[in-house]
Amino acid sequence: MKTRSFSQSLLFAVTLCCSTTVALAGSAASLKAGKAELKSAGPLAFGPDGILFVGDTVGAAIFALDTNDRTPGRGTNRSFEIKGINQKIAALLGTEADQILIHDVVVNPLSRNVYLSLSRGRGPEAVPVIMKAEASGKLTELSLENIRYSKVDLPDAPDPSAKDRRGQSRRLESITDLKYVNGNVIVAGLSNEEFSSTLRSIPFPFQAANKGASIEIFHGSHGRFETNAPVRTFVPFDINNKPYILAAYTCTPLVTIPVSELKPGNKVKGTTIAELGNRNRPLDMVVYRKGGKDYILMANSSRGVMKLPAANLDKYQPITTQTEKEGVPYETIASLKGVQQLDKLDEANALLLMDDGGSLDLRSVPLP
Amino acid sequence: MEGGSFIVEGWRPGPDAPASGWQSIFSVYAGDNDVPPMLGTYTVENSRLVFRPRFEPSPSIRLRAVFRPPSGSPVEAVFEPKHAKAAPSTRVEHVYPSTDLLPANQLKFYIHFSAPMSRGEAWQRIKLLDGQGVPVELPFLEIEQELWDRDYRRLTVLFDPGRIKRGLYSLEEAGPALEENRRYTLVIDSGWRDARGVPLTGEYRKAFSVGPALRSAVEPARWKIHVPPPESTDALRVQFDRPMDAALSMRLLSVLRDGVPVAGTPALAEMETEWRFVPSQPWKEGEYSIVVDTFLEDLAGNRVGRPFDVDVFEQVTKRVENSSVSLPFRIGR
């Protein structure tokens, strides 16, 4: 759910529609059948044509999986409710609910089925699993044994001399979010050693030669330029017909970054457009349109779900003075508590993974 | 149950599954309540219906196999869980930095465990207490991914950068997590489960006091190099001017001779203020260099040539640079 749907990406990428059509044919052809050997399954994002991107932090790779799930979901008045989905998945996989960690939840924009990345087990031997949930409540595993897929390895440590007992570098770059934007997979990562937060733009179909070098984002905040702060979650968004990404940082500034600047090796200046308060962790964002106006819906650790108007984002003056809660105004949706994951189910509904006292419920709510 | 498979004995299945699937005839459930049956594959082998679960079921879960013959009443077999909980044996081995005097803008802790740990509960298990024993509110960057190494034996805990950077914390809410001239204790809860699901052997505490913030770039030119004699395997010793990040100084320093890396073993000493390098072969007389990757950080995230806080965008070079600094030295006369 950390993703804006592909159909939405198409909407904002009006100027890029022709090249996107070409990319569809190319992307489908680039996948080869075989066993997709994921070492972990983290952030998810849907790309074109039912292709699901999976961030594999432990394997330091991004996988593109053909879900073969392209039958359009019908109707617009959808509802979705699976209570205790962690308990149900645990039973399917023959284990206890506390041995299931759900890492991400996304909606396939074609079929409107829901995909979850999770691990069965909590230790280093945990097995990555991708599950599909349908509105009927049916849960199935997306088998990785024989699937059309492709993968791209992320650059690992420059000098793997500090090793663990398996002889591997102890350095890992956690993938914190990924999205498909106009033929590129944009990946946010955070190292477990040097304090560097990277944003990579990787062309899809994947090519061995272009893994997407890291981009450094600087954004003004309280009169300082913050460098290398970790991006927690981001969504593609169009401002004046130009594609941007809207990124939420750790101490919750919202920053806009032009997609055109996301080139390997660049240092990019992002613009802080909102401060949403300190001591808060943004978890997930979606962008949607209601009553002819664009909005951003953001799930947070301590401030519930926030709704922000997304019109005229370019009109807000960049925030550069020490202050809080300035820039884009927001309202908090009090009824939505314990939201861990958020995606857009369709044009009128959001899909949420909510923690209800240890039981995780997957359910839809009308977009506010 | 045989070797992880569940078999229906005394009933001859047809060669083909019924229209509603074998699962409609034979299901195995993990757990007691109204749960869906386990995923797995069905085969007919030697005229017996065999179910192989997708995953070997957890030994601590109750299994229930239900056979619903096309005619007749269901037959149920229950496999009770094996409660063989191991005794606690995993402990916190060390927390870096080793020093008990941290800068006010300390950036991270590395928590090392003696055995692989469980993911998903770190933020409930790590607390920072102030001098009065009161927990500091949200001092760390609680990212749900948890920054483990591949073995889950080392966890990297970052202080929330929003509470470190100058001027970044808000006026409305409390300031930095660590304040100068105060004492704190990092507490690691014994309830934290290792990869087997067994708690730690005990609580771990690291008490420390806080000194001034450290806001200058790392300058390798200020380090002192103690050169060993030729034909010895004595350690080359590099004295830093401040404690350095433990993981990065183990990874980002190397010794070169004529541009070729010298084989040997690095180590840290003196509370990460000294880097030692023992060569695999005795030192030869000649020109060497210590190569320092500019990603090396001190305790506050200041890098070689670049402090943690960068105030002015224009001062930053236009390209991301991953370069190195070379410190030449000579062995022998």
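Labels below follow one simple rule: chain letters A, B, ... track the order of the sequence lines, proteins then strands, and each chain is numbered from 1.
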- Contacting moiety of B:R154, where chain A heavy atoms sit under 4.5 Å: both
- Segment of A:L101 engaging chain B (4.5 angstrom heavy-atom cut-off): side chain
- Message: Between B:V35 and A:Q87, is the side chain to side chain contact (heavy atoms under 4.5 Å, CB included) condition met? List the steps.
- Response: CA-CA 8 Å; B:V35 293; A:Q87 289 141 7; 5.8 Å; no
- Proximity breakdown for B:E56 and chain A, heavy-atom pairs closer than 4.5 Å: backbone
- Using non-hydrogen atoms only, which part of B:L296 is less than 4.5 Å away from chain A: side chain, backbone, both, or neither? neither
- Task: Pick one of side chain, backbone, both or neither for A:I89, based on which atoms fall under 4.5 Å of a heavy atom in chain B.
- Result: neither
- Message: Let me confirm one number: the CZ-CD distance from B:F55 to A:E141, rounded to the nearest 0.5 Å.
- Response: 5.5 Å
- Task: Mark yes or no for whether A:N192, through its side chain, and B:T156, through its backbone, hold a donor-acceptor pair below 3.5 Å.
- Result: no
- Using non-hydrogen atoms only, which part of B:P37 is less than 4.5 Å away from chain A: side chain, backbone, both, or neither? backbone
- Message: With no hydrogens and no angle check, just 3.5 Å: does a side-chain donor-acceptor pair link B:S60 and A:E96?
- Response: yes
- Message: Among B:M250, B:E297, B:R251, which residue satisfies the side chain to side chain contact (heavy atoms under 4.5 Å, CB included) criterion with A:E193?
- Response: B:R251
- Task: Check whether any side-chain heavy atom of B:L147 lies under 4.5 Å from a side-chain heavy atom of A:L190, and answer yes or no.
- Result: yes
- Task: Evaluate the side chain to side chain contact (heavy atoms under 4.5 Å, CB included) criterion for residues A:L93 and B:M38: first the C-alpha distance (whole Å), next the side-chain angles of each, then the deciding distance (0.1 Å), finally the verdict.
- Result: CA-CA 6 Å; A:L93 305 182; B:M38 274 196 286; over 6 Å; no
- Which distance, rounded to the nearest 0.5 Å, do you find between the OG1 of A:T176 and the CD of B:Q145? 6.0 Å
- Roughly how far apart are A:R171 CZ and B:L252 CG, rounded to 0.5 Å? 9.0 Å
- Are any of the side-chain heavy atoms of A:L172 and B:R150 separated by less than 4.5 Å? yes
- Task: Please examine the side chains of B:R54 and A:L92, heavy atoms only from C-beta on, and report whether any two atoms are closer than 4.5 Å.
- Result: no
- Task: Locate the shortest heavy-atom distance separating B:A30 from A:G94; write the atom from each residue and the value.
- Result: CB-CA, 3.7 Å
- Side chain from CB out, backbone as N, CA, C, O: work out which of these in A:S191 comes under 4.5 Å of a heavy atom of chain B, or both, or neither. backbone
- Answer key: most heavy-atom pairs under 4.5 Å with chain A among B:G197, B:G301, B:P57 is B:P57
- Salt bridge present between B:R193 and A:D98 (N-O < 4.0 angstrom): yes
- Counting N and O atoms only, with roles assigned by atom type, does the side chain of A:R122 sit under 3.5 Å from a partner on the main chain of B:R119, one being a donor and the other an acceptor? yes
